[in-house]
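Proteins come first, then strands; the chains are lettered A, B, ... in the order of their sequence lines, and each starts at number 1. Only heavy atoms go into these numbers, but all of them, side chains included; no hydrogens, no water, no symmetry mates.
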Amino acid sequence: MASVSELRNIATQVRRDIVRMVHAAQSGHPGGSLGCADFLTALYFEIMERKPGFDMDGMGEDIFILSNGHISPVWYSVLARAGYFPLDELKTFRRISSRLQGHPATHEGLPGIRVASGSLGQGMSVAIGAAQAKKLNHDPHLVYSLHGDGELEEGQCWEAIMYAGAKGVDNLIATVDWNHQQIDGTTEQVMNLGDLNAKFIAFNWLTLQMNGNDMEEVVNGLKKAKSISGNGKPVCILMNTHMGYPVDFMIDNHEWHGVAPNDEQLAKALAQLPATLGDY
Amino acid sequence: MLYQYSDADKKETRAGFGDGIYEVAKKNPRVVALTADLAGSLKLNRFIKEFPERYFQCGIAEANMMGIAAGLTIGGKIPYTTTFANFSTGRVYDQIRQSIAYSGKNVKICASHAGITLGEDGATHQILEDIGLMRMLPGMTVVVPCDYNQTKAATIAIAAYAGPVYLRFGRPKWPNFTPADEEFVIGKAQVLTEGTDISIFACGHLVWKAIEAARILGQQNLSAEVINIHTIKPLDEAAVIASVAKTGCAITAEEHQIHGGLGDLIASVVARHNPVPMEMVAVKDSFGESGKPEELMKKYGLDTPNIVDAALRILARKKQDALAG
């Protein structure tokens, strides 16, 4: 069990990893990655029941599916710091012959990853399948998934949301990263998502909301989600975050969705993110 | 050897699938079935009755079904997805590409009502591009059995074969002529009739048409070798090369577009190893239409006489080449 201050320290180091990785590769997606650092840190270091090592089946443990695969930097950093592969490998992000592909893949055998994602809208379906398999296997563990808010514009998401609600997939906890930003602007400008909470409830889900950039709220929110799972309905967490959090020149700016910082911007960002655990 | 059949032996290949998945599910508890509101069309009734907990009705939402199938493999299941070929491929190509093929998932994509013999429903449902779409995906195995018995055997065999498989079959009753107890070996072409004058490579419903054509050619003292390419990928290249070395010319016959299917595939092997005259019996870059299966086969040039005509044309070319050479 990690304390909230320990989790904050991990998340800060993860954020340093993110900006350094994207800077080194001069490509990648820092905005959503920074916004989800608290969530993924809490999930892996506090919430999920995980077995040592990694196997594809994930029987007898909680598993996580990332649907918005472009925020791979945050997942790679958290996976490395949770011991799935050597920290040093973060240096290879987006380089040729690396296991750390631009978008997450199983193809190169990177431990921790169970399905490729990047083409949006597919992850919830996969998470539902994994959750159904757990039920068939009498495995009481949970499946967690993470989705972008803009990603919900993909029709497949709503097929999956409808299925999970109709079939009572209650061992699934799906989180939406609600940062209101997507490539071409705000979600309100591009495609207004409307009342997401009402929409999930209408599809027979249990919902809760939390501030995804407050570690205490994230831990409590995830614990609450876990406590209400298993009651015949899937659980959705609408997680309010800030894209680029907490780097001042990136925050809430959709232009940082998929742009790498230059040397000067890197220095400026790192000055706001103290090395808590040591850089890779 | 010449295969025999009578009208009483006609059966739907999709019924072979339905019987096959029931048989394999009895032996292998990891086998699960998904459908997108087409359980009856895919003959899943017995499976559903016997194994209700291993059956997933996904509604009319094929993209979600493909994703759920990918997810079920994470828990060690062997999911069989079931819908029409059109909705098993083109409609869900990106889901198959990313969540199944690129992710190396052990999903069996089982596609009925393939090709023009779907009949009266017309071109919206008559996919003639699916073999091409699926064989282009890295790591995808593509199986196109020729009759009821072979579809049943293939359905059973793919459960024990690791990795994604596309299994293509059809709607109409069709001659059931392969032995009921024949083992299905993925990737191994079958020489159905041996011959020396011409090689006829066929898949699916066109295998029977090729056998009929060989019989007619035989009456003209022309010896045709009919080879059933039930596995499009991985292709049994050695069988193709060996037959063509013997006959010196080749025809392909398939219920698919001329682009991207069996014809292109055999032509690429022939071109690389032993260029010989070739003809392709396939749909010539057009959509289908409503009609009875046999009417459509005739109108779109997929019938027995089309294979015979192609054989005679190509034998004439072979003769000319020999004289010129």
Open item on the list: Is it the case that atom CD in B/E53 sees more than 12 heavy atoms from other parts of the structure closer than 6.0 Å?
Closed with: yes

Task: Greater than 12 external heavy atoms within 6.0 Å of B/K188's NZ - done: no

Open item on the list: Counting heavy-atom pairs closer than 4.5 Å to chain B, which one of A/M59, A/H103, A/M162, A/Q156 comes out on top?
Closed with: A/Q156

Open item on the list: I need the residue from B/G59, B/G76, B/S99, B/A70 with the largest number of non-hydrogen atom pairs under 4.5 Å to chain A.
Closed with: B/S99

Open item on the list: Are A/M56 and B/K105 packed together at the side-chain level, in the sense that at least one heavy-atom pair is separated by less than 4.5 angstrom?
Closed with: yes

- [ ] Might you point out which heavy atoms bring B/Y102 and A/A116 nearest each other, and give the distance in Å?
- [x] CD2-CB, 3.5 Å

TODO: Output the option from A/D57, A/T106, A/N137 having the highest count of non-hydrogen pairs under 4.5 Å with chain B.
DONE: A/D57

- [ ] To the nearest 0.5 Å, tell me how far A/R114 CZ sits from B/S103 OG.
- [x] 12.5 Å

Open item on the list: Is A/A160 close to chain B through its backbone or its side chain, or both, or neither, when contacts mean heavy atoms under 4.5 Å?
Closed with: both

TODO: Answer with side chain, backbone, both or neither: which region of A/E154 has an atom nearer than 4.5 Å to a non-hydrogen atom of chain B?
DONE: neither

TODO: Determine whether more than 12 heavy atoms belonging to other residues, nucleotides or ligands lie under 6.0 Å from atom CZ of B/F51.
DONE: yes

Task: Non-hydrogen side-chain atoms of B/I74 and A/I63 separated by less than 4.5 Å - done: yes

Open item on the list: Counting only heavy atoms from other residues, nucleotides and ligands, does the tally under 6.0 Å from CG of B/D121 exceed 12?
Closed with: yes

Task: Enclosure of A/I228 CD1 (heavy-atom neighbours >12, cutoff 6.0 Å) - done: yes

Task: A/R99, CZ: over 12 other non-hydrogen atoms inside 6.0 angstrom - done: yes

Open item on the list: How close do A/S117 and B/Q98 get, counting heavy atoms only, and between which atoms?
Closed with: CA-NE2, 3.4 Å

Open item on the list: Counting only heavy atoms from other residues, nucleotides and ligands, does the tally under 6.0 Å from CZ of B/R97 exceed 12?
Closed with: no

- [ ] Ignoring hydrogens and angles, tell me if any N or O in the side chain of B/N64 forms a donor-acceptor pair with the backbone of A/C157 under 3.5 Å.
- [x] no

Open item on the list: Between A/K167 and chain B, with a heavy-atom cut-off of 4.5 Å, which part of the residue counts as in contact: side chain, backbone, both or neither?
Closed with: side chain

Task: Distance-minimising heavy-atom pair for B/G75 and A/A133 - done: CA-CB, 3.7 Å

Open item on the list: Which atoms of B/E62 are under 4.5 Å from chain A, going by heavy atoms: the side chain, the backbone, both sets, or neither?
Closed with: backbone

TODO: Pick one of side chain, backbone, both or neither for A/S125, based on which atoms fall under 4.5 Å of a heavy atom in chain B.
DONE: both

- [ ] With a 4.5 Å cut-off on heavy-atom pairs, point out which of A/I113, A/V115, A/I65 contacts chain B the most.
- [x] A/V115

TODO: Inspect the surroundings of NE2 in A/H141 and state if more than 12 heavy atoms from other residues, nucleotides or ligands are less than 6.0 Å away.
DONE: yes

- [ ] Could you tell me whether the side chain of B/F56 reaches within less than 4.5 Å of the side chain of A/L136, counting heavy atoms only?
- [x] yes

